[in-house]
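The structure appears below as structure tokens.
Just so it is clear, the structure is predicted and the values come from calculations on it, not from any experiment. No hydrogens, no waters, no symmetry mates; every other heavy atom, side chains included, goes into these values.
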Amino acid sequence: IQIYEIMLFESVFLDIFRLLPSQKLRREKNQVRELLAQKRRILTKDMVQQLSAEVLVHLEQLPAFQSAQTVLIYYPTHNEVDVLPLIKRYKKEKTFLFPVVHRRNMTACPYEGNAKMHRGKFNIPEPTTEPYIGKIDLIILPGVGFDLCGNRLGRGGGYYDRYLANLKRGTVLVGVGYDFQLIEEVPAARHDKRLGYIVTNRGITKAKMD
């Protein structure tokens, strides 16, 4: 019985030991997330509008955006960069998709006008159209923070992470945010999907490759 108890104790200890790195990473992410989220929360409506317009000026200069025919964007909340003006400007040239959340997963569905939108899981507008199954040329991602290596810090739900893990190859990933959201290092795991570019109101940053 003593040997069994010792083996059981060692097994529990090893399980806890394996969890330590992920718990440490989670704590680090939460600390950085809260700090950057606070900075974003204090932006006024006018500041969001002005800075978002500056971000879009740079985004529209990105060759990957100019050549993209199918673009996955997002519906901005909590003072995120407003990318919605892109729809009106490029509706004749590009197909725009929005994320749709179902339980723990996310899909992308085409935008076909406000009449085919409804409030989704987090009270965020989502298309009621069928999921898009073709190739997506460009994905514009929101984030709480980004770093120069293309790491992205999201809200913590992991929806984009799970979606990007199964993404077809060849899609360009672009993070958009304000200049204070681009920091030296975002806590990230090895398996986290990296972005190709980060666009802020200061300009375009191509992610550094290791």
* Derivation of the side chain to side chain contact (heavy atoms under 4.5 Å, CB included) call for Cys109 and Glu130 -> CA-CA 6 Å; Cys109 296; Glu130 292 297 315; over 6 Å; no

* What do the steps show when you test Thr70 against Leu97 for side chain to side chain contact (heavy atoms under 4.5 Å, CB included), and what is the final call? -> CA-CA 8 Å; Thr70 305; Leu97 316 172; 3.8 Å; yes

* To do: Decide side chain to side chain contact (heavy atoms under 4.5 Å, CB included) for Leu86 and Ile140; before the verdict, give the C-alpha distance in whole Å, the side-chain angles of both, and the deciding distance to 0.1 Å.
  => CA-CA 11 Å; Leu86 294 174; Ile140 301 173; 4.0 Å; yes

* To do: Just do the side chain to side chain contact (heavy atoms under 4.5 Å, CB included) check on Leu141 and Leu195 with the steps written out, would you?
  => CA-CA 9 Å; Leu141 297 98; Leu195 310 177; 3.8 Å; yes

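Between atom CG of residue Asp82 and atom CG of residue Leu56 there is a gap of 7.0 Å, rounded to the nearest 0.5 Å. Atom OH of Tyr178 sits about 6.0 Å away from atom CG of Asn79, to the nearest 0.5 Å. Atom CD of Glu80 sits about 10.0 Å away from atom OG of Ser52, to the nearest 0.5 Å. Here Gln61 contributes atom CD and Gln66 contributes atom CD; the two are 8.0 Å apart, rounded to the nearest 0.5 Å. To the nearest 0.5 Å, atoms CG (Leu62) and CD1 (Ile204) are separated by 4.5 Å. Interatomic distance, CG of Asp147 versus CD of Gln181, reported as 13.0 Å (0.5 Å rounding).
Between Asp137 and Ser67 the shortest side-chain heavy-atom distance does not fall below 4.5 Å. Contact check for Ile183 versus Phe146: no side-chain heavy atoms found under the 4.5 Å cut-off. Lys116 is not listed as a side-chain neighbour of Pro127, based on a closest heavy-atom distance of 4.5 Å or more. Using a 4.5 Å heavy-atom cutoff, the side chains of Val174 and Val199 are in contact. A heavy-atom distance below 4.5 Å is not found between the side chains of Thr200 and Thr205. No side-chain heavy atom of Val176 sits less than 4.5 Å from a side-chain heavy atom of Tyr197.
Linking ILVMFWY side-chain heavy atoms closer than 4.5 Å, directly or via other members, places Met106 and Phe122 in a single hydrophobic cluster. Hydrophobic clustering of Ile, Leu, Val, Met, Phe, Trp and Tyr side chains at less than 4.5 Å, counting indirect connections, unites Ile139 with Leu59. In this structure, Tyr74 is a member of the same hydrophobic cluster as Tyr90, with clusters built from ILVMFWY side-chain heavy atoms closer than 4.5 Å. Taking hydrophobic clusters as Ile, Leu, Val, Met, Phe, Trp and Tyr residues chained together by side-chain heavy-atom distances below 4.5 Å, Met47 shares a cluster with Val55. Note on Ile136 and Val100: separate hydrophobic clusters, where clusters join Ile, Leu, Val, Met, Phe, Trp and Tyr whose side-chain heavy atoms are under 4.5 Å apart, directly or indirectly.
Between the side chains of Tyr163 and Lys193, not a single donor N or O lies within less than 3.5 Å of an accepting N or O.
In this structure a side-chain-to-backbone donor-acceptor pair under 3.5 Å is present from Thr129 to Pro110. Between the side chain of Asp179 and the backbone N or O of Arg202, no donor-acceptor pair lies under 3.5 Å. Distance alone, capped at 3.5 Å, places no donor-acceptor pair between the Lys39 side chain and the Phe180 backbone. Under the 3.5 Å distance criterion, the side-chain polar atoms of Asn201 are left unmatched by any main-chain donor or acceptor of Leu51. A distance-only check finds a donor-acceptor pair linking the side chain of Arg40 to the backbone of His78 [under 3.5 Å].
Heavy-atom minimum distance, Asp161 versus Arg152: OD1-NH1, 4.3 Å. The minimum heavy-atom distance linking Val144 with Gly154 is given by the pair CG2-O, 3.6 Å. Across all their heavy atoms, His118 and Thr128 have their closest contact at CD2-CG2, 3.5 Å. Closest approach of Pro99 and Leu72 over heavy atoms only: N-CD1, 3.7 Å.
Annotation: Lys91, atom NZ; neighbour count of heavy atoms from other residues, nucleotides and ligands within 6.0 Å does not exceed 12. Environment of CD in Glu112: crowded, with over 12 heavy atoms of neighbouring residues, nucleotides or ligands closer than 6.0 Å. The environment of CD in Glu60 is crowded: more than 12 heavy-atom neighbours from other residues, nucleotides or ligands sit within 6.0 Å. The number of heavy-atom neighbours closer than 6.0 Å to CZ of Arg41, taken from other residues, nucleotides and ligands shown, is above 12. Few gaps surround CD on Glu93; more than 12 heavy atoms of other groups in view lie less than 6.0 Å from it.
Taking the six-membered ring for Trp and thresholds of 30 and 60 degrees, Tyr75 and Phe98 have ring planes inclined between 30 and 60 degrees apart.
Geometrically, Arg162 engages Tyr159 in a cation-pi contact defined by less than 6.0 Å to the ring centre and at most 45° from the axis.
A salt bridge does not link Glu126 with Lys121: every distance from a Lys NZ or Arg NE/NH1/NH2 to an Asp or Glu carboxylate oxygen is 4.0 Å or more.
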